[in-house]
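Reckoned from all heavy atoms, side chains included, excluding hydrogens, waters and symmetry mates.
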Number of protein chains: 2
Amino acid sequence: MDSAVIPLRHGGLSLVQTTDFFYPLVEDPYMMGRIACANVLSDLYAMGITECDNMLMLLSVSQKMNEKDRERVMPLMIRGFRDAAEEGGTSVTGGQTVINPWIIVGGVASVVCQPNEFIMPDGAVPGDVLVLTKPLGTRVAVNAYLWIDQPEKWNKIKLVVTKEEVIEAYQEAMFSMATLNRTAAGLMHKYQAHAATDVTGFGLLGHANNLARQQQNEVAFVIHNLPIIAKMAAISKACGNLFNLLQGTSAETSGGLLVCLPREQAAKFCSEMKNLSSGAGGQGAVGGAWIIGIVEKGDRHARIIDKPRIIEVPPRGSQAANQENSSTSPDPSPNVS
Amino acid sequence: MDSAVIPLRHGGLSLVQTTDFFYPLVEDPYMMGRIACANVLSDLYAMGITECDNMLMLLSVSQKMNEKDRERVMPLMIRGFRDAAEEGGTSVTGGQTVINPWIIVGGVASVVCQPNEFIMPDGAVPGDVLVLTKPLGTRVAVNAYLWIDQPEKWNKIKLVVTKEEVIEAYQEAMFSMATLNRTAAGLMHKYQAHAATDVTGFGLLGHANNLARQQQNEVAFVIHNLPIIAKMAAISKACGNLFNLLQGTSAETSGGLLVCLPREQAAKFCSEMKNLSSGAGGQGAVGGAWIIGIVEKGDRHARIIDKPRIIEVPPRGSQAANQENSSTSPDPSPNVS
């Protein structure tokens with residue numbers, strides 16, 4: 001499971017808790033702080049938990065930074081982390097900071113819940129529909145962005161993508177990683193989700209497999225569609241299937257929720273995500289939603305069909321996104337109906 | 001405060017939570033795991049909390065270790081951490097591991113408490129007595145041990161200490177750091193402690209000052225006695241007051257509790273610590289107890305008197321320790337009566 005669930009000594013309550021920390025992967029320290037916090041909270045959201053009682057911050061300051069850089073960078077990172085925590089309805093009350101060769105940022109999220117506040121991720125049934133709430137491809141986007149300054153690497157992909165497209169994709173990835181999965185967590189209750197997980201280091205297929213393995217029923221997850229940040233599939237192919245993005249095992253950071261929903265609820269879930277994302281907070285505060293597959297009878301494994309449909313997700317704010325808002329339209333393709 | 005205390009949405013309960021992580025400081029990986037766990041739990045114990053509902057482990061594996069060393073070292077460290085958690089009545093249910101230039105080990109301890117389970121560290125009154133439950137000098141001992149192989153450093157201290165004494169002191173420090181402050185935490189309730197903190201990175205005086213600052217009453221902490229691992233005071237002096245051990249600001253790792261007790265209870269607290277430490281688990285499982293000072297009226301600061309009495313604490317198992325068990329005798333010297 002994404003979080004530890006510990007029964008408490010008091011009145012049927014459970015402590016749900018998770019921790020995560022990693023190294024910076026975007027240049028902007030403020031956004032990096034937000035991403036780290038979103039990534040920690042995501043493990044709670046994957047269980048349908050929308051509240052967080054406490055957040056601790058884990059930080060290491062790099063010994064290789066000079067004092068001026070430290071003073072410029074670290075307060076911004078802390079600020080980003082705190083702001084995202086606040087958006088998650090919680091606050092940072094403690095933590096630990098050390099000196100280390102590399103910068104580390106992460107946290108610990110804890111919440112004490114009644115049983116009805118969380119959804120155990122083991123109730124998928126054949127006929128359910130799989131929904132993903134953020135596009136894939138963050139790792140490819142972050143790496144391609146670094147390659148702009150590395151001619152040897154850039155030459156491999158310059159025929160399929162422009163620098164502007166890479167920069168747009170990088171920014172899309174950054175905003176997507178910084179988006180809290182909180183709205184999706186709330187809708188999991190409203191639309192009676194049967195199980196969910198968040199997509200991070202093992203990639204979509206890795207986490208889908210983990211989720212399939214813990215189901216009570218004998219089910220299999222079959223993935224037909226891969227929503228991917230625009231152009232990242234092309235980059236991956238141009239590099240001989242870089243990071244195995246199309247095989248579903250490219251690592252994501254602070255990825256979306258993979259949610260098993262009753263068939264009759266999935267379209268409503270997606271449509272409400274769409275409406276919310278076109279409202280006040282915008283997609284940046286909500287995420288998107290794509291129907292990506294179905295739950296069949298099976299041996300508790302997940303697989304991606306041969307030649308899955310690639311859904312190119314345009315960067316938010318781009319013309320394509322504005323015209324179509326395709327990123328949040330549920331897809332009623334024959335694959336999943 | 002040593003831990004974050006977060007009021008919960010449920011029935012008067014509070015979430016008490018703390019995190020700590022650092023780098024290895026003893027050679028033995030198993031003992032290092034125990035020390036890291038004892039150090040995390042200590043923040044709960046400082047609030048008189050004897051239970052822990054959940055522990056997460058934070059770990060980084062060094063990229064500079066070869067695979068064989070990793071496989072030898074990391075499982076032992078994890079085992080030590082888990083064993084100490086079990087001794088604390090809890091278990092490790094999750095965590096995060098990353099790769100890093102340096103090894104990091106630490107954790108997050110969480111407990112959901114009723115109000116009577118913890119003692120807010122702000123109730124000291126003039127006339128209280130200050131008790132310390134582990135000897136000082138862990139940092140000096142750990143460093144002196146490294147100097148055995150560094151002739152330049154060793155020459156500075158060889159006139160005041162033998163190699164055998166340094167090895168004994170190092171081992172004493174290691175066992176002391178690995179000792180849980182849990183027994184002391186339990187006795188804080190029995191003997192109505194008014195406030196406590198644990199002694200770690202800021203040294204005895206640093207933490208005493210922090211504790212004094214948060215008192216409701218206008219009090220000052222006056223420290224008369226310094227219980228120190230045998231010979232460490234001599235080493236510190238020989239090196240021109242190394243780490244400011246005698247000024248009370250030498251960092252400790254997983255140090256003892258500094259407890260403010262009502263005057264009439266302090267001797268009983270010490271005597272029960274002594275009895276428990278001579279029983280089954282031994283001093284290794286309990287710690288010791290020394291009366292080190294008093295609480296006066298004052299401006300919420302702590303100070304050490306001019307020429308404090310140094311209490312030489314012999315290594316456990318040594319002849320001196322067996323003869324006298326002086327390490328756990330409360331000291332009814334005129335200083336504190």
For the CG atom of A:L56 and the CD1 atom of B:I6, what is their distance to the nearest 0.5 Å?
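The CG atom of A:L56 sits 7.0 Å away from the CD1 atom of B:I6.
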To the nearest 0.5 Å, what is the distance between CG (A:N54) and CD (B:Q17)?
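A:N54 CG to B:Q17 CD: 4.5 Å, rounded to 0.5 Å.
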Any sub-3.5 Å donor-acceptor pair from [X]'s side-chain atoms to [Y]'s backbone N or O?
X	Y	answer
A:R9	B:D53	no
A:Y23	B:I99	yes
B:H10	A:V112	yes

For [X], is it the side chain, the backbone, both or neither that has a heavy atom under 4.5 Å from a heavy atom of chain A?
X	answer
B:T18	backbone
B:V108	side chain
B:E51	side chain

With a cut-off of 6.0 Å (strictly less than), are more than 12 heavy atoms of other residues, nucleotides or ligands near CD of B:E86?
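Open.
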Should we count CZ of A:F243 as having more than 12 external heavy atoms under 6.0 Å?
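It does: A:F243 CZ has more than 12 such atoms within range.
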Report, in residue-number order, which members of residues 57-83 of chain B are under 4.5 Å from chain A by heavy-atom distance.
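Contacts with chain A: B:L58, B:L59, B:Q63.
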Does anything in residues 89-96 of chain B reach chain A? List residues with heavy atoms under 4.5 Å apart, or say none.
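Listed by number, the contacting residues are B:T93, B:G95, B:Q96.
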With the side chain counted from C-beta on, respond yes when B:L13 and A:L13 share a heavy-atom pair under 4.5 Å apart, and no when they do not.
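A side-chain contact exists here, since the closest heavy-atom pair is under 4.5 Å.
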Residue selection (most heavy-atom pairs with chain B, distance under 4.5 Å) from A:P101, A:A4, A:G106:
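Of the candidates given, the most pairs with chain B belong to A:P101.
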Before you tell me yes or no, could you show the steps for A:I104 and B:I104 under side-chain contact (heavy atoms from CB on, under 4.5 Å), namely the whole-Å CA-CA distance, both residues' side-chain angles and the distance that decides it to 0.1 Å?
CA-CA 11 Å; A:I104 293 176; B:I104 293 176; 3.9 Å; yes
